[in-house]
Visitor: 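Structure incoming, see below.
Not measured: the values here are computed from a predicted model.
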Amino acid sequence: MKYLLLTLALSLSNASAYAAGDAEAGGKLFSKTCGGCHSVGEGARGGFGPELNGIIGRPAGTTADYQYSDAMKNSGVVWTRDKLAAYIEAPKKVVSGTRMIFWGISDPEKIDNILAYLETFQPK
């Protein structure tokens, strides 16, 4: 019984680590998938898409250095981890009329990894 409880506890801790995502893997995926339009880190600025520093908790369409679509500016969305996950999976389902040209990512592990990477650029 003691070993069963230990095994269960270890399984649960591994599941929560997986749910948080792998920031290193997310950084590689971000560079390939998102980095052509979005930037993060020191010196990040809007380009083909807005910069994503501090994205979690930020209202959609509010950075000063990017020209957002009316759909994004008027969406009322505040970017939570769950809302970003849904947006990465299917942008037009979350903000109908967005100008973002991206088909989405269906793999939850990849989405979690990208979010873990973006979380490294949140203010401390």
Side-chain angles (χ1 to χ4, degrees):
M1 181 69 170
K2 185 177 182 181
Y3 293 111
L4 177 63
L5 290 175
L6 180 60
T7 302
L8 180 60
L10 288 173
S11 296
L12 290 174
S13 70
N14 286 340
S16 66
Y18 165 77
D22 178 339
E24 185 177 334
K28 291 174 185 171
L29 187 58
F30 181 90
S31 293
K32 288 192 317 191
T33 309
C34 315
C37 297
H38 296 281
S39 62
V40 290
E42 192 174 327
R45 58 189 173 95
F48 287 110
E51 59 90 3
L52 299 179
N53 290 331
I55 184 72
I56 297 172
R58 184 169 77 202
T62 60
T63 59
D65 65 348
Y66 184 74
Q67 190 68 27
Y68 291 93
S69 66
D70 288 339
M72 188 62 73
K73 288 189 287 190
N74 299 320
S75 68
V77 168
V78 174
W79 295 118
T80 62
R81 195 175 205 285
D82 289 342
K83 188 64 79 171
L84 275 170
Y87 190 75
I88 292 168
E89 182 177 4
K92 294 191 186 312
K93 285 186 180 178
V94 175
V95 180
S96 179
T98 181
R99 287 191 317 236
M100 187 161 112
I101 301 169
F102 179 66
W103 302 111
I105 296 173
S106 60
D107 183 334
E109 182 179 5
K110 288 180 179 179
I111 293 171
D112 278 343
N113 291 345
I114 289 171
L115 292 172
Y117 176 69
L118 289 175
E119 286 174 333
T120 67
F121 299 97
Q122 286 296 115
K124 303 290 181 207

Visitor: Going by the rule side-chain contact (heavy atoms from CB on, under 4.5 Å), which residues pair with K92 if we only count those two or more places apart in sequence or in a different chain?
Guide: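 With sequence neighbours excluded, K92 shows a side-chain contact (heavy atoms from CB on, under 4.5 Å) to T98, given in chain and number order.
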Visitor: Can you list, pair by pair, the side-chain donor-acceptor contacts under 3.5 Å of residues 57-66, counting residues two or more places apart and other chains?
Guide:
from, atom 1, to, atom 2, distance (Å)
R58, NH1, N53, O, 2.9
R58, NH2, E51, O, 3.1
T62, OG1, P59, O, 2.7
T63, OG1, Y68, OH, 2.6
D65, OD2, G46, N, 2.8
Y66, OH, F48, O, 3.2

Visitor: If the condition is side-chain contact (heavy atoms from CB on, under 4.5 Å), which residues does D82 pass it with, not counting sequence neighbours?
Guide: T80
Visitor: What distance do L115 atom CG and W79 atom CH2 have between them, rounded to the nearest 0.5 Å?
Guide: 11.0 Å
Visitor: Looking only at heavy atoms, what is the nearest atom pair of F102 and I105, with distance?
Guide: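 In terms of heavy atoms, the two residues are closest at CZ-CG1, 3.6 Å.
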Visitor: Please tell me if the side chains of I55 and Q122 come closer than 4.5 Å, counting only heavy atoms from C-beta onward.
Guide: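 Side chain of I55 against side chain of Q122, heavy atoms only: contact under 4.5 Å found.
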Visitor: If we ignore hydrogens and angles and just use 3.5 Å, is the side chain of R99 paired with the main-chain N or O of A71 as donor and acceptor?
Guide: no
Visitor: So do K83 and V94 actually touch side chain to side chain, heavy atoms under 4.5 Å?
Guide: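 Answer yes - side chains close enough.
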Visitor: What donor-acceptor contacts under 3.5 angstrom involve side-chain atoms of residues 23-42, with partners at least two apart or in another chain?
Guide:
from, atom 1, to, atom 2, distance (Å)
S31, OG, G27, O, 3.1
T33, OG1, L29, O, 3.1
H38, ND1, P50, O, 2.7
S39, OG, R45, N, 3.1
S39, OG, R45, O, 3.0

Visitor: Sequence neighbours excluded, which residues qualify as salt bridge (Lys or Arg N to Asp or Glu O under 4.0 Å) partners of E89?
Guide: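 Partners of E89 under the salt bridge (Lys or Arg N to Asp or Glu O under 4.0 Å) test: none.
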Visitor: Report the C-alpha distance between I111 and D107 in whole Å, list the side-chain angles of each, state the deciding distance to 0.1 Å, and finish with yes or no for side-chain contact (heavy atoms from CB on, under 4.5 Å).
Guide: CA-CA 6 Å; I111 293 171; D107 183 334; over 6 Å; no
Visitor: Ignoring hydrogens, what is the shortest heavy-atom contact between G97 and S69? Give both atom names and the distance.
Guide: O-OG, 4.1 Å
Visitor: Restricting to salt bridge (Lys or Arg N to Asp or Glu O under 4.0 Å), what partner residues turn up for K73, sequence neighbours left out?
Guide: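 Expected list: D70.
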Visitor: Would you compute the distance between atom CD1 of I56 and atom CZ of R81 and round it to the nearest 0.5 angstrom?
Guide: 6.5 Å
